[in-house]
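Have a look at the structure below before the remarks.
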Number of protein chains: 2
Amino acid sequence: MNKATPAAEKTTYQNVKQSVLRRIRDRTWAPDTLIPNEVDLAREFGCSRSTVNRAMRELAEEGILDRKRKTGTRVNATPVRNAKFVIPLVRDEVEATGAAYRYALVSREVLQAPPWLRARLNLCEESRVLHLNCLHFANNAPFQFEDRWVNIMAVPTVEQADFSTLGPNEWLLSQVPFTDVELSFSANAADARLADFLALNPSEPVFTAERTTWLKDRPVTFARLSFGRGYRMTTRY
Amino acid sequence: MNKATPAAEKTTYQNVKQSVLRRIRDRTWAPDTLIPNEVDLAREFGCSRSTVNRAMRELAEEGILDRKRKTGTRVNATPVRNAKFVIPLVRDEVEATGAAYRYALVSREVLQAPPWLRARLNLCEESRVLHLNCLHFANNAPFQFEDRWVNIMAVPTVEQADFSTLGPNEWLLSQVPFTDVELSFSANAADARLADFLALNPSEPVFTAERTTWLKDRPVTFARLSFGRGYRMTTRY
DNA sequence: GATTCCTTTATGTCTGGACATAATAATTAT
DNA sequence: ATAATTATTATGTCCAGACATAAAGGAATC
């Protein structure tokens, strides 16, 4: 059944967002301009203040607007657009390309935390850690080399875990809660060992991601992930 | 004046978020578990459904929860935590380290879009583009080399712009609206020219960011940003 | 057995009103 | 003049209730 009178459609917060974005784009509201307050906008758009508020709040979260109490809302001159990177599991990343995923454990050892790791994770001298080296394949070609360190004190059960078939990343994600993550990307030259594992020429550039994870001030794990040739980390927003 | 009876504090949506997170961490609600519905939670926490809704909505946005109508809300087993990268202006990035920022224009030319760019931006054959090469310094050491292409059809005023003192990034941000961005990171070997500009050894690894910008299906600009030795892109969440 | 239709349920959103809070402006006391 | 106090204002949050909507399950029909 079709509506005879389509009229009286309600204004949604998404409508408001669109309208506001349009006005910013067409410079009705230029950068650094103070825009009308929520009450006025609500009247103009024919909706409640809560609806306007949600629209504006989200635009502020996205970095488009800058809001302050009493002062009002202004168009951000330098939209420090925050790029959202979805960091998937290696398995998902590989399978998303249609390739077959395979995992292999290269080495596994329990040892005293080396000094550089102690410094990085703020561990005490006698801390014991589990050190794993793993390889992740896409269609049998090396895709990612994982150099993983787990703080045994924070995750006692890790000593009993079997990492021969399930990667440490997947195991940790399902077993260990965490509150804080530091992630950093860089470009590095492959050393001999890494070149070997990833089938690269020595000193070829490697895209590296390093991730450190805490559970409330308590370091859980550090991982250095080195990606094979031609890897790109991409996002759209 | 101090309150004699502190009692009857209201439950805020932030309180709810904290409580829910705690329960997920201590495995009261294990991964993949279905958690109570909003009405029940509102009753339990002593607040309205809207308050619970906001808390849950935000946790879902953060990738912690997975919500579906009728089905309910469940704890995400593989928290595909989305890392938010704040991509700052080069100037801000340099000045944040306490270093002095300096900008230099290396070259500027108007030309027909080369084939690789036409393919990338989906431009027609006779499209004209402005091609800029710029260098950004931190304390007089090269920090970033910018290889910038601007679609003149989308930004006619760019031909008159003077890029000798202000970088194209800052100019574009303040002058040209955009709706979509594609950003990608990779590791590459420096070619001779790039090594020259960034004071690197030939074929040394370079961290590269490529950004393409559109205004509603209309390509605006493409930039390849190459960073100097030791650059790291870091985020915490 | 398969398809269509209806019911149920949990989330998604809007309303209009209320009070809280940060930040500025105006006023008063020092 | 300067400092302390008091409005004023726009955003931030909460509430109770209402209707919309997606999705699942069951019932009636083909």
Side-chain angles (χ1 to χ4, degrees), chain A residues 1-21 23-24 29 32-77, chain B residues 1-21 23-24 29 32-77:
Chain A
M1 186 192 101
N2 258 332
K3 278 180 185 170
T5 37
E9 292 280 304
K10 259 187 195 168
T11 317
T12 70
Y13 78 95
Q14 310 231 31
N15 295 339
V16 177
K17 277 181 81 170
Q18 285 309 312
S19 303
V20 171
L21 278 174
R23 290 187 194 183
I24 292 175
W29 293 332
D32 266 329
T33 312
L34 208 58
I35 78 181
N37 70 40
E38 295 183 347
V39 178
D40 291 349
L41 286 177
R43 190 170 21 240
E44 192 203 323
F45 287 120
C47 64
S48 76
R49 182 167 86 88
S50 333
T51 303
V52 174
N53 180 274
R54 174 151 181 201
M56 307 298 260
R57 182 175 6 111
E58 292 195 358
L59 288 171
E61 257 165 36
E62 290 163 28
I64 312 285
L65 297 177
D66 203 31
R67 321 193 73 197
K68 249 191 285 187
R69 278 169 163 157
K70 161 77 184 182
T71 315
T73 302
R74 62 177 67 241
V75 180
N76 203 329
Chain B
M1 187 192 97
N2 257 330
K3 279 180 185 168
T5 38
E9 291 280 303
K10 259 187 195 168
T11 317
T12 69
Y13 78 94
Q14 310 233 30
N15 294 340
V16 177
K17 278 181 79 169
Q18 285 309 311
S19 302
V20 172
L21 278 173
R23 288 185 196 185
I24 293 175
W29 293 333
D32 267 327
T33 312
L34 209 58
I35 77 180
N37 70 40
E38 294 183 347
V39 178
D40 291 349
L41 285 178
R43 192 172 18 241
E44 192 204 322
F45 287 121
C47 64
S48 76
R49 183 167 85 90
S50 342
T51 304
V52 173
N53 181 274
R54 175 151 181 200
M56 308 298 261
R57 183 178 2 115
E58 292 196 358
L59 288 171
E61 258 165 35
E62 290 162 29
I64 312 284
L65 297 177
D66 205 30
R67 322 193 74 196
K68 247 191 285 188
R69 276 167 166 162
K70 161 79 184 176
T71 316
T73 302
R74 62 177 68 240
V75 180
N76 203 328

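Values reported hereafter were calculated over all heavy atoms of this structure, with side chains retained and with hydrogens, waters and symmetry mates removed. Lettering of chains follows the sequences in order, A, B, ..., and the numbering in each one begins at 1.
Of all the residues in residues 49-60 of chain B, B:Arg49, B:Asn53 reach under 4.0 Å from DNA chain C with at least one non-hydrogen atom.
Not a single salt bridge (Lys or Arg N to Asp or Glu O under 4.0 Å) links A:Arg74 to another residue, sequence neighbours left out. B:Gln14 meets the side-chain contact (heavy atoms from CB on, under 4.5 Å) test with B:Thr12; sequence neighbours excluded.
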**Prompt:** Going through the checks in order, is the side-chain contact (heavy atoms from CB on, under 4.5 Å) test met by A:Ile35 and A:Ile24?
**Reply:** CA-CA 10 Å; A:Ile35 78 181; A:Ile24 292 175; over 6 Å; no
query = Can B:Thr51 and B:Thr11 be said to form a side-chain contact (heavy atoms from CB on, under 4.5 Å), step by step?
reply = CA-CA 8 Å; B:Thr51 304; B:Thr11 317; 5.7 Å; no
Please step through side-chain contact (heavy atoms from CB on, under 4.5 Å) for the pair B:Val16 and B:Leu41, ending with a clear verdict. CA-CA 9 Å; B:Val16 177; B:Leu41 285 178; over 6 Å; no
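Counting to the nearest Å, the C1' atom of D:dC14 and the CZ atom of B:Phe45 are 16 Å from each other. Regarding B:Glu38, its CD atom lies at a distance of 14 Å from the C1' atom of D:dT21, rounded to whole Å.
A:Ala77 and A:Asp32 make their closest contact through CB-OD2, 3.6 Å (heavy atoms, listed as atom of the first residue, atom of the second, distance). Heavy atoms only, all atoms of each residue included: B:Val52 and B:Cys47 are closest at CG2-SG, 3.7 Å. Annotation for A:Gly72 and A:Leu34: closest pair C-CD1, 4.3 Å, computed over non-hydrogen atoms. Between B:Tyr13 and B:Ala55, the shortest heavy-atom distance links the atoms O-CB, 3.5 Å.
Of all nucleotides in DNA chain C having an atom under 4.0 Å from a heavy atom of chain A, the first and last in 5' to 3' order are C:dT13 to C:dT24.
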Kindly give the atom pairs (protein nitrogen or oxygen, nucleotide nitrogen or oxygen) under 3.5 Å for nucleotides 22-27 of chain D.
from, atom 1, to, atom 2, distance (Å)
D:dA22, O4', B:Arg69, NH1, 3.3

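The list of salt bridge (Lys or Arg N to Asp or Glu O under 4.0 Å) pairs with a residue in residues 40-59 of chain B, not counting sequence neighbours, reads B:Lys17-B:Glu58, B:Arg23-B:Glu44, B:Glu38-B:Arg49, B:Asp40-B:Arg43, B:Arg54-B:Glu58.
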